[in-house]
Structures are given as C-alpha cells and as structure tokens.
Amino acid sequence: MKAGRDDLRWWLDLAPTLEWTWAKTYADSAPHWYVVHGRTEGLTMDDFVRAGRVIRTFGEPGKFYRSTNLYLYTEDRTRKFWAMWGEIPRSEDADLINMATTDRVYGPQDDINWERVEAIGIPTDRGARG
C-alpha cells in the first residue's frame, strides 16, 4: 500500500520532534542518527510501518557505495531518511529509520540498481530510468 500526501506531511512534521539517537559506531565513516522501535518514545510499530511506506512511496533512489536504497529528503533537502529493507522487503523492516545530513555522498550515484528500487517499492511512475 502506497502512502499519500497526508502521510508524507505527517512524517515530515513529526521527524523533527523525535529524539534521534546518534549512531556512534558510524560517527567517522557514515555519520547519522536513528530511531528504533521499542526505544523511541511516541512511535509505535504502526508509526514505523507508516513512515516506511512514506519512504517507499516518496523516496528517491540513491547509493551507499554498492547498495541501492531509497532516500526520503526533507523539503529543504538538507536531511534524508531511510530504512534498511530486506532482500524481500517487508513492512516490519522499517523498525529502524535512519537520518543523515545530505552534505556527504558515499560512492558514485550514477549506477542505480533499478531492480532493487522496484523491489523496495518505489512507484514505477516516479522518475525515468537512466
């Protein structure tokens, strides 16, 4: 099930109010924050699933070195959100959502794995294949 514009607005309004945890392990190599189910006050598993649908519906393809993922950008494009989807993506995969600033890029961004993008769930009518 795809998310709607009201879901997108919900996430973009909610995300700045959450208490994000700094990912210490990646502080030097890939600095980012995260929220995780069961440790983030005010977010239920249903909220994580809804946020995951938002990312899968409105996210844009990008790379983290060799891995293709979907990244949802804030309106000013200074931050991005993503979840780590399994080989066969499930709604429950969104039980941890990451956030990073967009000033760093990890590897070439021109070799998108479009099969992976389609498997993750980006709508096929968003963006042309390169």
Side-chain angles (χ1 to χ4, degrees):
M1 178 163 99
K2 294 179 186 175
R5 290 274 170 202
D6 57 331
D7 298 303
L8 175 62
R9 181 81 270 142
W10 163 80
W11 177 250
L12 293 176
D13 288 345
L14 177 65
T17 71
L18 299 173
E19 187 172 331
W20 293 83
T21 301
W22 177 246
K24 293 179 272 194
T25 306
Y26 295 95
D28 294 329
S29 60
H32 68 282
W33 299 263
Y34 64 90
V35 289
V36 64
H37 179 251
R39 290 193 288 172
T40 304
E41 188 174 327
L43 281 183
T44 66
M45 189 61 203
D46 287 343
D47 293 328
F48 279 92
V49 168
R50 185 179 180 189
R53 279 197 317 264
V54 169
I55 294 167
R56 292 174 79 182
T57 302
F58 296 102
E60 300 174 28
K63 301 279 295 242
F64 181 77
Y65 298 108
R66 285 188 255 167
S67 299
T68 295
N69 207 347
L70 290 176
Y71 297 96
L72 176 70
Y73 291 87
T74 55
E75 291 164 311
D76 63 6
R77 297 189 72 81
T78 60
R79 297 193 185 257
K80 63 182 177 181
F81 306 97
W82 73 96
M84 302 302 293
W85 305 105
E87 188 66 29
I88 299 173
R90 300 173 310 137
S91 296
E92 298 79 28
D93 291 343
D95 64 347
L96 185 145
I97 297 174
N98 298 287
M99 176 183 68
T101 59
T102 57
D103 57 341
R104 294 179 81 163
V105 176
Y106 301 94
Q109 298 296 303
D110 59 351
D111 186 24
I112 301 295
N113 178 343
W114 289 102
E115 288 180 14
R116 179 67 180 153
V117 170
E118 290 177 6
I120 296 170
I122 192 170
T124 56
D125 60 347
R126 287 191 39 102
R129 291 183 178 204

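Every value quoted in this text rests on a predicted model; they were computed, and no experiment measured them.
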[X] versus [Y], closest heavy-atom pair with distance:
X    : Y    : result
R116 : T68  : CG-O, 3.7 Å
P89  : A119 : CG-O, 3.1 Å
A83  : A94  : CB-CA, 4.1 Å
T57  : K2   : OG1-CA, 3.4 Å
A27  : W22  : CB-NE1, 3.6 Å
Y34  : N98  : CB-OD1, 3.7 Å

Under 30°, 30 to 60°, or over 60°: which ring-plane class applies to F64 and Y106, parallel, tilted or perpendicular?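 Answer is tilted, since the angle falls between 30° and 60°.
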Angle between ring planes, H32 versus W82, binned at 30° and 60°: parallel, tilted or perpendicular? tilted
Can you list the steps and then say if D46 with T44 is a side-chain hydrogen bond (donor to acceptor under 3.5 Å, both in side chains)? CA-CA 5 Å; D46 287 343; T44 66; 4.9 Å; no
With hydrophobic residues grouped by side-chain heavy-atom distances under 4.5 Å, do [X] and [Y] end up in a single group?
X   : Y   : value
L18 : I97 : yes
V36 : L72 : no
Y26 : Y65 : no
F81 : W10 : yes
Y73 : I55 : no

I'd like to know whether the aromatic ring centres of W11 and F58 sit less than 6.0 Å apart in this structure.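 No, they do not, as the ring centres are separated by 6.0 Å or more.
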Around [X], counting heavy atoms of other residues, nucleotides and ligands shown, do more than 12 lie under 6.0 Å from its [atom1]?
X    : atom1 : value
R9   : CZ    : yes
R104 : CZ    : yes
D28  : CG    : no
E92  : CD    : yes

How about L43 and L14: do any of their side-chain heavy atoms sit closer than 4.5 Å?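 The answer is yes, as the side chains (C-beta and beyond) meet within the 4.5 Å cut-off.
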Indicate yes or no: at least one non-hydrogen side-chain atom of V117 is less than 4.5 angstrom from one of L70. yes
So, the side chain of [X] versus the backbone of [Y]: is there a donor-acceptor pair under 3.5 Å, distance only?
X    : Y    : answer
T74  : R79  : yes
K63  : G107 : no
T102 : R77  : yes

Output, in order, the C-alpha distance, side-chain angles, deciding distance and verdict of salt bridge (charged side-chain N to carboxylate O under 4.0 Å, His left out) for R90 and D93. CA-CA 5 Å; R90 300 173 310 137; D93 291 343; 3.4 Å; yes
Look up atom CG in D47 and atom NE2 in H37, then write down how far apart they are to the nearest 0.5 Å.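 Interatomic distance, D47 CG to H37 NE2, rounded to 0.5 Å: 9.0 Å.
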